[in-house]
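Read the structure below first, then the notes.
In what follows, residues are counted from 1 in the order of the sequence shown.
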Amino acid sequence: MNHDESQPFYSCDIPVRWGDMDAYGHVNNTLYFRYFEEARFKWMLDKGLPLKSDTHPVVVTIGCTFLRPIFHPETLRIDVFISEPGRSSFMVKYKVYTASQPETAAAEGYSKVVWVSSVDGKSVPLPDPVRGWFGD
């Protein structure tokens, strides 16, 4: 059974910290990439992937569209979607929501994740458990 790409593959909550604010009083744009990173590692740990292994994921492309500002205090919900599995890579899309406006996305992002060897950094085939996320 293939993963339904229209439904979140994973979702988690992340609190906005006071230090995430910038001089304009909203979350600084660079922090969104940290939120994506946190969601990726939470999901991989939740799916049982080890942090230390002979292979690991790296992000090779990342981007974000900011739809509305986020302010402190707030709790974010990050919905994670996965798609486009290849030999050694796949795409991850993120939708960021706030507890105060849970139906309206505050940001949307993406990253391309490539699986690489911990020895030489070269791409390797996706591990079987990861390929299984896509129903392959």
Please check this pair: side chain of Arg68 against backbone of Thr104, looking for a donor-acceptor N/O pair closer than 3.5 Å.
yes

Between Asp79 and Ser11, a side-chain donor and acceptor under 3.5 Å
yes

With heavy-atom distances below 4.5 Å as the criterion, would you say the side chains of Phe33 and Val59 are in contact?
no

Can you tell me if Arg17 uses its side chain to pair, donor with acceptor, with the backbone of His72 under 3.5 Å?
no

Ring geometry between Tyr24 and His26 (parallel below 30°, tilted from 30 to 60°, perpendicular above 60°):
parallel

Compare all side-chain heavy atoms of Glu74 with those of Ser100 and state whether any distance is below 4.5 angstrom.
yes

Are the side chains of Val92 and Val80 in touch, meaning some heavy atoms are under 4.5 Å apart?
yes

Just so I know, are the side chains of Tyr110 and Thr61 near enough to count as touching, which here means a heavy-atom distance under 4.5 Å?
yes

Is it true that a side-chain atom of Thr98 and a backbone atom of Gln101 form a donor plus acceptor pair closer than 3.5 Å?
yes

Considering all heavy atoms, the nearest Lys93-Ser83 contact
NZ-OG, 4.4 Å

To which residues is Phe71 joined in a hydrophobic cluster, defined by side-chain heavy-atom contacts under 4.5 Å among Ile, Leu, Val, Met, Phe, Trp and Tyr, whether direct or through other members?
none

Evaluate the side-chain contact (heavy atoms from CB on, under 4.5 Å) criterion for residues Val116 and His56: first the C-alpha distance (whole Å), next the side-chain angles of each, then the deciding distance (0.1 Å), finally the verdict.
CA-CA 6 Å; Val116 299; His56 62 273; 3.6 Å; yes

I'd like to know if the side chain of Arg77 reaches the main chain of Ile14, judged simply by a donor and an acceptor atom lying under 3.5 Å from each other, with no hydrogens or angles considered.
no

What I'd like to find out is whether the side chain of Cys64 reaches to under 4.5 Å of the side chain of Asn29, using heavy atoms alone.
no

To the nearest 0.5 Å, what is the distance between OH on Tyr10 and CD1 on Ile82?
13.0 Å

Any donor-acceptor pair under 3.5 Å linking the side chain of Ser88 with the backbone of Val114?
no

Quick check for you: to the nearest 0.5 Å, what is the distance between Tyr94 atom OH and Tyr35 atom OH?
15.0 Å

